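Down below is the structure, laid out as structure tokens.
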Amino acid sequence: MSASPPDRVRVLEALRDVQDPELHKSIVDLDMVKEVQIRDGTVQVEALLTIGACPLRDSIVASIEERLRSLPGVREVRVSLGVMTPDQRQALITKLRGGEVSAQRRSSFLTAESATRVIVVASGKGGVGKSTVTVNLAAALRREGRRVGIMDADVYGFSIPRMMGLSGQPTLIDQMIIPLEQDGIRVMSIGFLLPDEGEAVVWRGPMLHKTLTTFIGEVHWGDDLEYLLIDLPPGTGDVSITLAQTLPQSHMVIVTTPQVAAVKVAQRAAKMAEKVNMEVIGIVENMSGFRPAPGADPVYIFGRGGGLRLAELLGVPLLGEIPLDPAIREGSDAGVPIVASAPDTPAGRAFRQVAERLAERVPVPTR
Ligand SMILES: Nc1ncnc2c1ncn2[C@@H]1O[C@H](COP(=O)(O)OP(=O)(O)OP(=O)(O)O)[C@@H](O)[C@H]1O
Ligand SMILES: [Mg+2]
């Protein structure tokens, strides 16, 4: 005897397991399931998309079909798609934002109260590897199963899209921006909003401030996000001020080269943190020893000891030393962080160790 078909309650319960791939929430909780009809063994579902041009519509349909087919007594699943009305969409956005603050002021996605741990990656000068460290730490935390985002705060000199191998435009649902995703890492950069990578951003300060507050308040990072890494531009205080005001729970990691003479310059980042009241949680020394061949003695092209000296001066831990390794640059250029492509090389391991120490210093609540 074949199993009897499931009832509506059972179907909805099963659909609870289906997530909207961009919003990372159950389609039932998002009120995306409009109709369920069960006749004999045939289950018919009408799902509502947020926008008609939803790029992931096929994947939503496939997930619904797969989930319902696994129910006993189901012989056929038919899925039809509709589109939310503007009112339904507004209701969904309000729900995702955790409720309306007032008619004029929408609540931000990321606030001082959010449980997301915010880590700002800074340096005293440019080109020391902030962006490289940011993407590799993100990849390392992700590898440990953490839910991670990267916010590219280097509006004028953005490099995160290329390093993460991401291009294209984010989906907009009314005023809500959906971050792009790579290997489960949610990413937002001004680069996604410009016509091409070679485009220059020529703005005055207020626009910079507006961009960052938009990235914080209007991007749907998801309330399940555990770590948000923020890649800072070199040497400007503006961005840190905006971040410290908007996300006062931010912690700072300072990247420096091993050159002892560069310590003074790196200290500027610490001064900046102090002025905006941000806690420095550790130092990453980047471009440390270079090994000309596996097993060969390292050559200290940029000197030695800078990271440790800075850590001692500031009274914070040295989170790790990242070797100088052409494979790191190649990974960044190719859009695949070395932690993702070669996690067990010395460079991959060095980044993972930094991520581990970082997570110890700024733990997320155990689930
Ligand atoms: N450990 C390393 N070994 C080899 N190359 C590296 C290493 N770290 C960074 N690089 C390379 O050095 C260059 C500068 O790195 P990156 O862009 O990450 O620095 P940055 O501090 O973010 O620079 P900016 O201040 O311009 O934003 C890049 O080409 C990157 O691939
Ligand atoms: Mg950079």
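Scope of the values below: all heavy atoms of this structure, side chains included, with no hydrogens, waters or symmetry mates. For ligands, and for the atoms within them, numbers begin at 1 and follow the listed sequence. From a predicted model like this one, the values you see are computed outputs, not experimental measurements.
- Scanning all protein heavy atoms for the shortest distance to atom 12 (O) of ligand 1 gives M287 CE, 3.7 Å.
- With respect to atom 14 (C) of ligand 1, the closest heavy atom belonging to the protein is G127 O, 3.8 Å.
- The nearest heavy-atom contact from the protein to atom 5 (N) of ligand 1 is R329 CB, 3.8 Å.
- At under 3.5 Å, a nitrogen or oxygen of T132, whether backbone or side chain, sits near a nitrogen or oxygen of ligand 1.
- Atoms of ligand 1 found under 4.0 Å from any heavy atom of G126 (numbered from 1 in listed order, with element): 25 (O).
- Checked for salt-bridge contact, K25 and D20 miss the test: no charged N lies under 4.0 Å from a carboxylate O.
- At under 3.5 Å, a nitrogen or oxygen of V128, whether backbone or side chain, sits near a nitrogen or oxygen of ligand 1.
- For P323, every heavy-atom contact with ligand 1 shorter than 4.0 Å involves the backbone, none the side chain.
- Using a 3.5 Å distance cut-off with no hydrogens or angles, the side chains of Q88 and D31 do not pair a donor with an acceptor.
- For atom 9 (C) of ligand 1, a protein heavy-atom neighbour is found at a distance under 4.0 Å.
- Protein heavy atom closest to atom 19 (O) of ligand 1, with residue, atom name and distance, is G129 N, 3.0 Å.
- Taken from CZ in F192 to CG in L180, the straight-line distance is 4.5 Å, to the nearest 0.5 Å.
- Assignment of A327 to the shell around ligand 1 is not supported, since no heavy atom sits closer than 4.0 Å.
- Atom CD of E22 and atom CZ of R186 lie 11.5 Å apart (nearest 0.5 Å).
- Residue I216 holds its CD1 atom at 5.0 Å from CG of L243, rounded to the nearest 0.5 Å.
- Residue contact check for ligand 1: S159 places no non-hydrogen atom closer than 4.0 Å to it.
- Nearest non-hydrogen protein atom to atom 3 (N) of ligand 1 is D325 N, 3.0 Å.
- Under 4.0 angstrom from ligand 1, the non-hydrogen atoms of N286 all belong to its side chain.
- Ligand 1 has an N or O atom lying under 3.5 Å from an N or O atom of S131, backbone or side chain.
- Proximity of F109 to L96: side-chain heavy atoms (C-beta onward) are separated by under 4.5 Å at one or more points.
- In this model, no donor atom of one side chain and acceptor atom of the other lie less than 3.5 Å apart for H209 and Q245.
- Counting heavy atoms under 4.0 Å from ligand 1, residue D154 touches it through the side chain alone.
- Cation-pi geometry between R147 and Y227 is not met: the NZ or CZ atom fails to fall both under 6.0 Å from the ring centre and inside 45° of the normal.
- Within the 4.0 angstrom cut-off, atom 28 (C) of ligand 1 has no protein heavy-atom neighbours.
- Taking every heavy atom of both residues into account, L232 and V239 meet most closely at CD2-CG1, 3.6 Å.
- In this structure the side chain of R143 reaches within 4.5 angstrom of the side chain of P343, judged on heavy atoms.
- A heavy-atom separation below 4.0 Å is found between M163 and ligand 1.
- Residues R304 and R309 have side chains not in contact (no heavy-atom distance under 4.5 Å, counting atoms from C-beta outward).
- Looking at S123 next to ligand 1, no N or O pair under 3.5 Å apart turns up.
- Closest to atom 25 (O) of ligand 1, if we only count protein heavy atoms, is K130 NZ, 2.8 Å.
- The Mg ion (ligand 2) has no N, O or S atom of T134 closer than 2.8 Å.
- Looking at D154 and K130, no side-chain N of the basic residue comes within less than 4.0 Å of a carboxylate O on the acidic one, giving no salt bridge.
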